[in-house]
Each structure stands twice: as structure tokens, then as C-alpha cells.
Amino acid sequence: MTTRSQMLGSWQLVRFESRDTATGSVCMPLGDDLQGLILYTDDGFMSAQIAPGGSGTPLAEPAGYIAYTGPFHVDEQAGIVHHEVRMATMPELLAGPQLREVHVDHDLLTLSATLTDETGTTARSTLTWQRATP
């Protein structure tokens with residue numbers, strides 16, 4: 001079974017953490033109480049939405065809301081999913097393919113990326129998703 005075939009479907013966000021690679025300190029960019037949904041379709045499209053606030057909480061304001069969508073493909077050998085972003089709430093997501101290390105373990109999907117910000121701080125962000133149920 002391929003990683004791509006295991007990724008297909010709907011996933012609910014259960015954790016979003018960012019770890020400073022130099023110090024090891026961990027922060028939760030959207031806090032402990034968050035919601036999110038990522039979808040991967042068999043015809044090669046994905047859509048992700050992430051927001052602070054627990055499931056069922058209406059968004060009082062769009063601050064912290066992240067959404068993007070577009071085609072995706074998986075480099076099975078490298079374990080990388082390429083999100084080819086076509087629409088996004090954050091302009092920087094449109095600058096090029098969003099590459100994420102991907103791992104599927106039963107009903108958990110983990111997407112990770114290591115990025116360096118404008119201050120030179122390098123952090124590894126990891127999003128853990130659980131297979132969604134209707």
C-alpha cells in the first residue's frame with residue numbers, strides 16, 4: 001500500500017507544534033485548543049483549514065485562520081508530499097510548492113517541515129492529524 005493511498009480521505013487536526021531546532025523549546029502556534037481539517041482526494045487535490053478554537057467553536061475573527069488548497073502529489077521514495085497551492089489565506093504559501101515530510105501510522109497522519117524565519121530561527125513544525133469520522 002502506498003503512502004498516497006493511505007493519505008486519501010479526511011483528517012482532523014489533533015496537534016500543531018513548533019520546535020526550535022537550536023534550543024529544543026516547543027510552542028503551540030495556535031494554542032492548545034484548535035481545530036483543523038485536511039482532505040486528500042483520489043483525483044489529486046487537497047484542502048486544508050486550521051484555526052484556533054475547539055471543534056464547533058465559531059470563528060469570532062479570522063486571526064490565525066489558515067486555509068489553502070490545490071493539487072498534491074507524493075514522492076513515495078523520499079516520503080514527501082508536495083502541496084501545489086493554488087489558493088491560500090497566506091500569500092507566502094503561493095510562492096512555491098509546500099513540501100511536507102509525511103508519515104501515516106494507522107489512523108494518524110503526520111506532516112512536518114523545517115523552516116527558517118526572517119530572524120534566522122529554524123523551527124520544525126509538526127501537525128498530527130487523526131482520521132476523521134462523520
Side-chain angles (χ1 to χ4, degrees):
M1 182 172 265
T2 65
T3 298
R4 184 189 189 280
S5 66
Q6 293 176 70
M7 292 171 62
L8 297 180
S10 306
W11 303 84
Q12 292 178 301
L13 187 62
V14 293
R15 184 171 173 86
F16 176 12
E17 74 172 37
S18 181
R19 181 179 306 270
D20 185 305
T21 59
T23 66
S25 67
V26 174
C27 76
M28 309 299 267
L30 296 179
D32 291 328
D33 190 23
L34 53 97
Q35 58 183 318
L37 187 68
I38 192 166
L39 309 171
Y40 290 100
T41 64
D42 192 35
D43 62 352
F45 283 87
M46 61 77 55
S47 178
Q49 298 185 56
I50 303 168
S55 180
T57 304
L59 296 172
E61 61 177 73
Y65 182 79
I66 302 166
Y68 67 96
T69 189
F72 81 97
H73 71 274
V74 179
D75 180 333
E76 297 283 342
Q77 193 167 14
I80 303 288
V81 62
H82 298 239
H83 294 160
E84 304 289 339
V85 181
R86 290 191 181 166
M87 294 172 47
T89 58
M90 298 170 60
E92 59 269 27
L93 293 175
L94 297 166
Q98 298 301 307
L99 308 179
R100 304 291 184 261
E101 293 173 36
V102 59
H103 180 73
V104 181
D105 184 16
H106 302 290
D107 68 341
L108 291 179
L109 168 69
T110 305
L111 301 175
S112 302
T114 301
L115 304 168
T116 302
D117 69 15
E118 62 280 349
T119 67
T121 302
T122 301
R124 180 166 180 79
S125 293
T126 301
L127 288 87
T128 304
W129 306 82
Q130 185 170 33
R131 177 107 25 217
T133 56

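For the numbers below, each heavy atom of this structure counts, side chains included, while hydrogens, waters and symmetry mates do not. Remember, it's a predicted structure, so these values are computed and weren't measured experimentally.
- Side-chain polar atoms of T114 and R124 form a donor-acceptor pair below 3.5 angstrom.
- Heavy atoms of other residues, nucleotides or ligands lying less than 6.0 angstrom from CE of M87 number 12 at most.
- Between L39 and M46, every side-chain heavy-atom pair lies at or beyond the 4.5 Å cut-off.
- Using bins of under 30°, 30° to 60° and over 60° for the plane-to-plane angle, the ring pair Y68/H83 lands in the tilted bin.
- Q77 places no side-chain N or O within donor-acceptor distance of the main-chain N or O of D75, the cut-off being under 3.5 Å.
- For the pair I80 and V102, the minimum side-chain heavy-atom distance is 4.5 Å or more.
- Under the 3.5 Å distance criterion, the side-chain polar atoms of E76 are matched with a main-chain donor or acceptor of R4.
- Between F45 and F72, the ring centre distance reaches or exceeds 6.0 Å.
- Side-chain contact between W11 and L37 is absent, with no heavy-atom pair separated by less than 4.5 Å.
- In this structure the side chain of I66 reaches within 4.5 angstrom of the side chain of M90, judged on heavy atoms.
- Salt bridge annotation for R86-E84: absent, with no cationic side-chain nitrogen under 4.0 angstrom from a carboxylate oxygen.
- Neither side chain, T122 nor T21, offers a donor N or O lying under 3.5 Å from an acceptor on the other.
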